[in-house]
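Read the structure below first, then the notes.
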Amino acid sequence: MNGADSLIETLAKAGVEVCFANPGTSEMHFVSALDRVECIRPVLGLFEGVVTGAADGYGRIAGKPAAALLHLGPGLGNGVANLHNARRACSPILAVVGEHASDHVALDAPLTMDIETLARPVSKWVRTTQAGRVGGDTADAVAAARDGIPGTATLILPADAAWEAGDGPVEVASVEGRSPVDDARIEAIARLVKTGEPIVFLMTGSALVGRGLDAAGRIAAATGVTLMSNTFNGRAERGAGRPRISRLPYFGEMAVDALTPFAHVVLVENNSPVSFFAYPGKPSSLIPAGAKLHTLAAPQEDGADALERLADFLSLAKVPEAGAGSRPDVPSGALDVKAVWQAVAALMPDNAIVSDECGTSARGADGLTAVSSPHDWLHLTGGSIGQAGPVAVGAAVARPDATVFCMQGDGGAMYTLQALWTQARERLNVITVIFANRSYEILKTEFKRVGVEAPGPRAMSMLDLGNPDIDWVALANGLGVEAHCPKTAEEFSGKLRDAIRQGGPHLFEVGV
């Protein structure tokens with residue numbers, strides 16, 4: 001057994017089932033070892049940003065890490081943007097980055113670079129392994145990815161460590177979850193809730209799924225506390241029968257306005273909210289003047305457990321399940337942004353997943369889908385575009401019986417369009433909707449927000465995705481995905497219904 005076998009068999013022993021990969025020469029022993037451990041499914045991505053984004057999507061849905069195999073420092077560099085998004089989503093990932101053989105690194109071969117330094121900003125744990133200890137280091141990496149706040153553990157694998165004798169498969173140590181909140185804080189928040197003053201719980205993480213969401217719903221229904229989530233969240237459970245939670249608006253002044261009615265802002269697995277960017281003359285903190293900030297659960301603490309204990313301390317009975325509500329009708333007439341979301345809301349099957357990177361084309365989406373069938377929503381957590389397609393890949397691999405809707409603007413989709421090829425190769429149930437407005441539309445708004453009043457034609461050309469127009473139907477067909485460019489709401493709805501029924505990957509280009 002060599003080091004690569006030790007690595008793969010340790011992963012299998014730890015319950016890792018998938019390896020998203022874009023390998024090169026230094027990883028060939030790892031690739032060969034996959035032949036000998038059939039319980040790990042290899043999934044090829046044609047660009048490392050697809051590999052890392054897919055591992056992110058898988059971790060969000062499966063709740064456990066996949067491996068992401070990358071080729072040397074440049075391969076990691078290509079995947080860093082989606083590892084940044086994964087860090088903000090708190091997704092468990094084991095990134096395995098190949099390295100030159102130990103004695104080759106000193107020769108400064110063309111692909112040599114400082115991998116550890118590159119990995120640290122997007123990783124919670126980084127280690128370069130050595131011959132004879134690969135299995136043990138792999139076990140430590142898996143534990144690190146799952147321990148406390150989940151995240152990316154980056155294991156750097158020199159080629160000689162992979163081909164020389166290994167230390168065999170190693171058991172992963174028991175993993176500690178997030179820290180519990182102490183009783184005194186639960187009691188303090190309970191006293192605050194009992195005052196009857198206007199309170200908003202600003203939540204993310206485990207508060208938006210499962211038992212955390214149920215407990216938050218109990219508290220809100222019984223006490224009048226308002227529930228609000230971050231603008232962008234790793235995963236949120238939504239739809240009929242689930243508590244309805246509004247999202248903090250994206251633009252800073254709108255977010256402040258949304259929080260202004262409340263005397264108290266209670267954070268659940270959250271930091272104090274700040275605007276995405278700084279703007280001249282506008283504050284970066286989004287907490288209104290006069291509002292008091294409290295913490296029920298810090299990011300490293302167990303928000304779901306804290307909410308359950310708070311509900312129990314308040315002696316709240318279980319709230320009866322909400323009714324199914326009334327879905328919107330299937331739309332007719334012109335095909336615009338609203339009609340697209342209305343069709344998705346009307347036709348969405350149970351337990352669907354939405355991978356959302358729509359930018360300006362997300363207007364109205366929350367309201368229209370609020371009473372659709374129960375579904376999961378995956379947001380662009382770190383703001384680095386090019387996430388939705390790869391995340392949809394990982395989510396579809398994690399839950400193959402679900403329909404995954406990849407809702408994306410044309411600008412972001414061009415960053416990682418190779419995800420379509422992986423969807424076709426793996427026959428994944430992903431329906432991609434490209435909102436083709438032929439521009440970086442959000443940046444037109446940002447010109448004014450940062451104080452640029454009259455950008456000229458050369459400046460505006462930097463936001464223009466036309467000349468030539470991108471033909472998404474041709475691109476998708478060329479990558480093996482059936483594609484359509486519907487012109488009416490009726491045509492879109494009919495073909496969307498067919499795509500849901502047929503399964504497999506489909507793409508719709510919608511001009512907006």
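All values reported here derive from a predicted model rather than from experimental measurement.
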Do Gln130 and Asp160 come within less than 4.5 Å of each other through their side chains, counting heavy atoms only? no
With rounding to the nearest 0.5 angstrom, report the CG to OG1 distance, Leu428 to Thr403. 12.0 Å
Side-chain contact, heavy-atom cut-off 4.5 Å: Leu267 with Thr295? yes
Are the side chains of Arg399 and Asp376 in contact, using a 4.5 Å heavy-atom criterion? yes
Classify the ring geometry of Phe276 against Phe232: parallel below 30°, tilted from 30° to 60°, perpendicular beyond 60°. perpendicular
Less than 4.0 angstrom from a charged side-chain N to a carboxylate O is my criterion; do Arg501 and Asp498 meet it? yes
CD/Gln300: more than 12 non-hydrogen atoms of other groups inside 6.0 Å: yes
Does the side chain of Trp472 pick up a donor-acceptor pair with the side chain of Asp410 at under 3.5 Å? no
Is the backbone N or O of Ser384 less than 3.5 Å from a side-chain atom of Asn85, with the two atoms forming a donor-acceptor pair by type? yes
Non-hydrogen side-chain atoms of Leu44 and Pro23 separated by less than 4.5 Å: yes
Please check: side-chain N/O of Glu164 versus main-chain N/O of Gly3, any donor-acceptor pairing under 3.5 Å? no
Would you check if Arg235 and Ile61 make a side-chain contact, meaning some heavy-atom pair closer than 4.5 Å? yes
Which residue pairs pass the salt bridge (charged side-chain N to carboxylate O under 4.0 Å, His left out) test with at least one member in residues 122-143, sequence neighbours excluded? Arg127-Asp137, Arg127-Asp140, Arg133-Asp137
Any donor-acceptor pair under 3.5 Å from Arg247 side chain to Asn233 backbone: no
Using 0.5 Å steps for rounding, measure from the OG atom of Ser361 to the CH2 atom of Trp341. 9.0 Å
Closest approach of Gly205 to Glu269 (non-hydrogen atoms, all atoms of both residues): CA-OE1, 3.5 Å
Is there a side-chain contact (heavy atoms from CB on, under 4.5 Å) between Cys90 and Arg178 once you walk through the steps? CA-CA 12 Å; Cys90 300; Arg178 294 174 185 262; 4.1 Å; yes
Under the side-chain hydrogen bond (donor to acceptor under 3.5 Å, both in side chains) test, residues paired with Ser174 that sit two or more places apart: none
Is a side-chain donor or acceptor of Ser355 paired with a backbone partner of Ala388 at a separation under 3.5 angstrom? yes
Determine whether a donor-acceptor pair (N or O, by modelled atom type, separation under 3.5 Å) exists between the side chain of Arg211 and the backbone of Leu307. no
Could you tell me whether the side chain of Ser91 and the main chain of Gly59 form a donor-acceptor pair under 3.5 Å? no
side-chain hydrogen bond (donor to acceptor under 3.5 Å, both in side chains) filter on Thr128, not counting sequence neighbours, yields Glu116
Is any side-chain heavy atom of Val340 less than 4.5 Å from a side-chain heavy atom of Leu335? yes
Inspect the surroundings of CD in Glu38 and state if more than 12 heavy atoms from other residues, nucleotides or ligands are less than 6.0 Å away. no
Heavy-atom count around Asn467 CG within 6.0 Å, excluding the residue itself: above 12? no
When you compare the side chains of Thr204 and Asn270, does any donor N or O come within less than 3.5 Å of an acceptor on the partner? no
Residues, nucleotides or ligands: over 12 heavy atoms within 6.0 Å of Arg363 CZ: no
Pairwise side-chain contact, Leu157 with Leu7, heavy-atom cut-off 4.5 Å (strictly under): yes
Check His379, Gln387, Gln408 against Glu357 for a side-chain hydrogen bond (donor to acceptor under 3.5 Å, both in side chains) and give me the one that passes. Gln408
Tell me whether the count of non-hydrogen atoms from other residues, nucleotides or ligands lying under 6.0 Å of CZ in Arg238 goes above 12. yes
Is there a side-chain contact between Met113 and Leu72, using heavy atoms and a 4.5 Å cut-off? no
Test: Glu9 and Arg36 ion pair at under 4.0 Å: no
Between Thr10 and Thr138: side-chain donor-acceptor atoms closer than 3.5 Å: no
On a heavy-atom basis, which atom in Ile434 and which in Ala413 lie closest, and how many Å separate them? CD1-CB, 3.6 Å
